[in-house]
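Only one structure is covered here, and it is reproduced in the block below.
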Amino acid sequence: MKIKIIAFLCLLISTNLPAQTVLDIDTAVARALDSNLSLQRSQIDLNAAARRQDRALNGLIPAVSAGASLSRPTAIISDILPQQNVWTPGFNFSASLNISPAIFANVKQTRAEWESGLLSYESARIEIEYQVRRLYYQILLLKANTKLAEQGIVSSQNRYDQTLALVNAGRASTLDEVSARLDLQTQRTNAQNANAAYQNALDNFKYILMIPVTEDIVLLGDLMLVEIDDSININTNINRSGSESMQMSSLRHSLALVEAQLNSARLRTYSPTLSLGFNNNFSYIDAASEWRDQGQFSISLSFRLDNYLPWSSSGDQIDTLNDTISKQQIQLAEAGINHQNNVQRLLREISRLGESIDNLLLNISLAEENIRMSEEAYGRGVIDLQSLNSTTDNLRTAQNRLLSEHFNLISAILELERELGLPFGSIAGGN
């Protein structure tokens, strides 16, 4: 009986425990891409564009119709002859086909629409992956800040205890005790703020990945352990030649789409239409007791002469498409210049952040040595508490800056990978 009660209690406790999801960065990206609703809508649009492309040649399928009839003559003024007063059955069949060069231009246009939709989908996918990766590293930064703030509480608590002992021994003033208590309370407040920022970022991350807000998630990795490729400049120089941003690719495909629309509009406006037709009527002649077959085949070639007028609506559409092409060519040239500027800016930023991190590492080593010496001096009563707090503040400032600069470096590298069209993680590796 006791075993059953214990088993029941264990089951009850386990069912009340919140679900926990453990994610690394690649798993988080995959889950975000699978669950993103905006990307699912883009996929529907892409499937529709592919379907239109597959059915682009449907214009070459003839229009076919068939029908049946049953007729009987009627008269209002004169009588109907006996041989005419019968029901006459009939059948008809017709087929027609309009052939124009615009049909084949429409095939190219639907192809360009599908390629443009495919690029739009890929652009949306890349943007989602970029946002997820950057937020993932930002959460690691906030997690590290939280740990740093908790370590600050421990250090402040130790200094407060030490100060209290010095006050009781008459070797420190009451003001030192108040100052140490204030520093401890400040560190606790900082830890609460850091933890709140960390939890808020986690909730936002859950929303992007469509994870219930009540579910706990654990992100694997450590921000300071992310591997940065030492050959950044080499990789960049190799991939910079001939590279183009996603914006440039999108504009290039958009330009190709408008050019296909222009070609299709020109062919619809100025090319003739070849019409093929066939129809046949079958009717039963009761007097002759036989079926009669009456049919014909027709071929015609037609032009829309009004389309050749300069003020026609078709001509106006062609002029509008020409204007659109000119504007998009200018936008493409501007995007190329902006792409080169972004690459140069990011390279300079990455170089600056690398030097800043090296300097901060030296500052942290120096600050840690100063704290060790200051703590020994404070224990001997050589320096006051304010001097000791100043050295610890310098260390925490350097540590926070190091974490922030490391995150800024990873963010700049992610942006550079996106700008150059490199796979994410090819420069900034995982943990």
Counting only heavy atoms not in Arg401, do more than 12 sit closer than 6.0 Å to its CZ atom? no
Can a salt bridge be assigned to the pair Arg352 and Glu405 using a cut-off of 4.0 Å between side-chain N and carboxylate O? yes
Start with the C-alpha distance between Asp183 and Ser156, add both sets of side-chain angles, then the distance that settles side-chain hydrogen bond (donor to acceptor under 3.5 Å, both in side chains), and finish with yes or no. CA-CA 7 Å; Asp183 179 67; Ser156 296; 2.8 Å; yes
Is the shortest heavy-atom distance from the side chain of Leu33 to the side chain of Ile128 under 4.5 Å? yes
May I ask you to decide if Ile211's main-chain N or O and Lys206's side chain share a donor-acceptor pair within less than 3.5 Å? no
So, Ser264 side chain and Ala260 main chain: donor-acceptor pair closer than 3.5 Å or not? no
Ignoring hydrogens and geometry, is there a side-chain-to-backbone donor-acceptor pair from Thr110 to Val107 under 3.5 Å? yes
Would you check if the side chain of Ser116 reaches a backbone N or O of Ala112 as a donor-acceptor pair within less than 3.5 Å? no
Nearest heavy atoms of Leu220 and Tyr136, plus distance in Å: O-OH, 2.6 Å
Do the non-hydrogen side-chain atoms of Tyr270 and Ile318 ever get within less than 4.5 Å of each other? yes
Looking only at heavy atoms, which two atoms of Ala49 and Glu113 are closest? And how far apart? CB-O, 4.3 Å
Should we say atom CZ of Phe297 is surrounded by more than 12 heavy atoms from elsewhere, each under 6.0 Å from it? yes
Looking at side-chain heavy atoms only, is the closest gap between Arg181 and Tyr160 below 4.5 Å? yes
What heavy-atom pair brings Met248 and Leu332 nearest, and what distance separates the two atoms? O-CD1, 3.6 Å
Hey, is the main chain of Leu255 close enough, under 3.5 Å, to the side chain of Gln328 for a donor-acceptor pair? yes
Search all heavy atoms of Ser404 against all heavy atoms of Leu141 and return the closest pair with its distance. N-CD1, 3.9 Å
Under a 3.5 Å distance rule, please check whether Asn190 uses its side chain to pair with a backbone N or O of Thr186 as donor and acceptor. yes
